[in-house]
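Beneath this line is the structure, given in structure tokens, with notes to follow.
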Amino acid sequence: MVVLVDREKLLKAIIPIIIGIIIAIIPHPSALTSNAWYYFALFATVIAATILEPMPIAAISLIGVVVAVVARLVYSSPSSSISWGLTGFSNSIVWLIFAAYLFALGYSKTGLGRRIALIFIKYLGKKPLGLGYAIALSDLVLAPFMPSNTARSGGTIFPIVSNIPPMYGSSPREGTEKKIGSYLMWTAFAATCITSSMFLTGLAPNVLVQSLAAKQGIQFSWITWFIGFAPVGIFLFIITPYLIFKIYPPEIKESPEAPKWAQEELNKMGKIKGREIAFLIEVILALVLWIVGSNYIDATAVALLVVALSLLSNVYSWKDVLTYESAWNTLVWFATLFTLADGLSRVGFVSYVGKEIATSIGWMSPTIALIVIVSLFYWLHYMFASLTAHATALFPIFLATAMGISGMNPVVAAYALSYTLGIMGIISPYATGPAPVYYGSGYIKGNDFWKLGLIFGIIYYVIFIAIGMPWLLFVLK
């Protein structure tokens, strides 16, 4: 068995290298330099490795940056090359993501996230449908403050939801998962995909594409992001638990024990603690400053301010920060991915591909062309096991394509592409961070997950195209 695992890892490591070599030996287009083409080959290798994951993703992207720096694929000067290689670590968006992960640490350390979810279950959980809305609302409340949907849904919501099905004799081990567990798990997963698109700070790749768009002179704001997706997000949020109740119904139609269980858990937690109150004040302060204080204080500064206040108020200790591996791992991951994406632009590859695609669809009207671009961007996610890898690889290219089309509003295009990052996470068991958590629970069988992913992927896509696109063209005209 050990040999098989080693062979599998070796194969996962070899395939990306083969892909890179094949691309590198193909004659490059005359519009690109040889270094630009070799850089693209390296970038493709990194993205393929990110999908297959022969080693941790942060390590893969770090190795990619080191190779590009040493080979001087972006800049010929050694000093300029290393300066470029470290640009991601000086990017404010990267530090915003890091600080936001520490928000998740605050929810975990204080127990505030668990308390919020239990309160919703207490008041809305008498029936499975109400319980579904309670779970969705729990995610909605946390989403503006937790850009890691894995930490929010997989780390905060899932542990709570997983305690409910056994109370009704619903267990995948006994083949009774559809009594209520399957419905609750899919509702929790579907809800986090919606909330991930609703808020700029609801998904880490959202702030990554904010940074990528800024390089093209397009600025995203928290409030504009929310307004632009609100019609789609609110509509989907309202109908999704009900749609799941009809499409993937629980066998149990009543759940009177859930509020009682939630009350018992709240009793065990006791009255709200001082640290919970302190952290609640701090996250509310962050939200207020993100919404109304953008002219006075940078969004990253706001996040770091809350981190400082959390340390001062003993929400968590510096030792907690130092030992929070996922935050530091994310810092390295996003810093190096940002650098790699930036390099693709600096060598001229992004603008080249954008112009080529723009030429091929240039005969279309700007609206039809935008729909085509957004559709390709959305459904190509079947090829990716990471929203971050998807955004890094495709967002700059598709945005450049849109900007190369005569009459296209680049701001509308940037927002339209970005909004799909959360909702596309619904389509497969590997499409976004929380997906493997819910898939691995056993409550949603493999075939069901793929079928539901396709059904809800189509629903989310159609509603976004039918409602979201016209709305965007109206509010951002």
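Scanning all heavy atoms of the two residues, the minimum distance from Val306 to Glu282 falls at CG2-O, 3.6 Å. The shortest heavy-atom contact between Cys193 and Ile426 is SG-N, 3.6 Å. The two residues Asn149 and Pro434 have their closest heavy-atom pair at O-CG, 3.3 Å. The two atoms that bring Met364 and Val372 nearest to each other are SD-CG2, 3.9 Å, heavy atoms only. Closest of all the heavy-atom pairs between Leu212 and Ala341 is CD2-CB, 3.9 Å. The shortest non-hydrogen separation linking Ala204 to Phe334 is CB-CZ, 3.6 Å.
Listed for the Arg275 side chain is a donor-acceptor partner under 3.5 Å among the backbone atoms of Asn314. Ser197 contributes a side-chain N or O that, together with a main-chain N or O of Ile423, makes up a donor-acceptor pair within less than 3.5 Å. Not one N or O on the side chain of Ser153 forms a donor-acceptor pair closer than 3.5 Å with the backbone of Thr150. The backbone N or O of Ile427 lies less than 3.5 Å from no partner atom in the side chain of Trp450, so there is not a single donor-acceptor pair. Panel note: side chain Tyr419, backbone Trp225; a donor-acceptor pair is recorded below 3.5 Å. Between the side chain of Thr300 and the main chain of Trp95, no donor-acceptor pair closer than 3.5 Å is present. A donor-acceptor contact shorter than 3.5 Å links the side chain of Asp320 to the backbone of Ser317. For the pair His390 (side chain) and Leu421 (backbone), a donor-acceptor distance under 3.5 Å is absent. Lys273 places a side-chain N or O within 3.5 Å of a backbone atom of Lys271 that can act as its donor or acceptor partner. At distances below 3.5 Å, at least one donor-acceptor pair connects side-chain atoms of Ser182 with backbone N or O atoms of Glu177.
Taking OG1 of Thr224 as the start and CD of Gln219 as the end, the distance is 11.0 Å to the nearest 0.5 Å. If you take CD on Gln263 and NZ on Lys122, they are separated by 3.5 Å, rounding to the nearest 0.5 Å. With rounding to the nearest 0.5 Å, the separation of CG in Leu417 from OG1 in Thr401 is 9.0 Å. Atom CD1 of Ile397 sits about 10.0 Å away from atom CZ of Phe377, to the nearest 0.5 Å. Note: Ile164 CD1 to Leu184 CG = 6.0 Å, rounded to the nearest 0.5 Å. Annotation: the span from Lys179 atom NZ to Ser171 atom OG amounts to 10.0 Å, rounded to 0.5 Å.
With a 6.0 Å radius and a threshold of 12 heavy atoms from other residues, nucleotides or ligands, Lys451 has its NZ atom at or below the threshold. Within a 6.0 Å sphere centred on CG of Asn267, other residues, nucleotides and ligands contribute more than 12 heavy atoms. Atom NZ of Lys253 has more than 12 neighbouring heavy atoms from other residues, nucleotides or ligands inside a 6.0 Å radius.
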Carefully, step by step, assess Asp139 and Thr192 under the rule side chain to side chain donor-acceptor pair (under 3.5 Å). CA-CA 6 Å; Asp139 194 289; Thr192 205; 2.9 Å; yes
Test Thr110 against Arg115 for side chain to side chain donor-acceptor pair (under 3.5 Å), laying out the working first. CA-CA 9 Å; Thr110 62; Arg115 185 182 296 276; over 6 Å; no
Intermediate values then yes/no, side chain to side chain donor-acceptor pair (under 3.5 Å), Tyr461 and Ser375: CA-CA 8 Å; Tyr461 163 78; Ser375 300; 2.6 Å; yes
Hey, mind stepping through Ser345 and Asp342 against side chain to side chain donor-acceptor pair (under 3.5 Å) and telling me if it holds? CA-CA 5 Å; Ser345 297; Asp342 175 70; 5.8 Å; no
Using the rule given for ring pair (Phe, Tyr, Trp, His ring centres under 6.0 Å), can you reason through Phe226 versus Phe199, listing the C-alpha separation, both sets of side-chain angles and the distance that settles it, and then say yes or no? CA-CA 6 Å; Phe226 177 76; Phe199 306 100; 5.6 Å; yes
Applying side chain to side chain contact (heavy atoms under 4.5 Å, CB included), run through Phe395 and Ser418 and close with a yes or a no. CA-CA 8 Å; Phe395 181 82; Ser418 302; 3.4 Å; yes
Phe338 and Thr392: side chain to side chain contact (heavy atoms under 4.5 Å, CB included), yes or no, with the steps? CA-CA 7 Å; Phe338 172 85; Thr392 304; over 6 Å; no
Would Ile60 and Trp333 count as a side chain to side chain contact (heavy atoms under 4.5 Å, CB included) here? Give the steps. CA-CA 9 Å; Ile60 293 169; Trp333 179 14; over 6 Å; no
Run Glu325 and Asn329 through side chain to side chain contact (heavy atoms under 4.5 Å, CB included) and show every step you take. CA-CA 6 Å; Glu325 293 183 8; Asn329 182 68; 5.7 Å; no
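The aromatic rings of Phe279 and Tyr107 stand perpendicular to each other, their planes meeting at an angle above 60°, with 30° marking the opposite boundary.
By the 4.5 Å heavy-atom criterion applied to side chains, Met269 and Leu118 are counted as neighbours. Side chains of Tyr438 and Phe158 form a contact here, defined as non-hydrogen atoms less than 4.5 Å apart. Looking only at side-chain heavy atoms (C-beta outward), Leu311 and Val321 come within less than 4.5 Å of each other. Side-chain contact between Ile465 and Tyr378 is absent, with no heavy atoms from C-beta onward closer than 4.5 Å. Inter-residue side-chain proximity for Tyr382 and Leu454 is flagged as met; some heavy-atom pair is nearer than 4.5 Å. Within the 4.5 Å cutoff, no side-chain heavy atoms of Glu265 are placed close to those of Ile160. Side-chain contact between Pro396 and Leu344: absent, with no pair of heavy atoms (C-beta onward) separated by less than 4.5 Å. Put simply, the side chain of Val209 does not reach to within 4.5 Å of the side chain of Leu399, judged on heavy atoms.
With 3.5 Å as the limit, one finds no donor-acceptor pair spanning the side chains of Gln210 and Asn206.
Aromatic ring centres of Trp471 and Phe229 lie farther apart than the 6.0 Å criterion allows. Taking the six-membered ring wherever Trp is involved, the centroid distance between the rings of Phe189 and Phe449 falls below 6.0 Å. Residues Phe464 and Tyr460 keep their aromatic ring centres 6.0 Å or farther apart.
Each of Tyr443, Tyr248, Phe245, Tyr133 was scored for a ring pair (Phe, Tyr, Trp, His ring centres under 6.0 Å) with Tyr183, with one residue passing: Phe245.
Between Glu264 and Lys268 there is no salt bridge, since no side-chain N of the basic residue sits under 4.0 Å from a carboxylate O of the acidic one.
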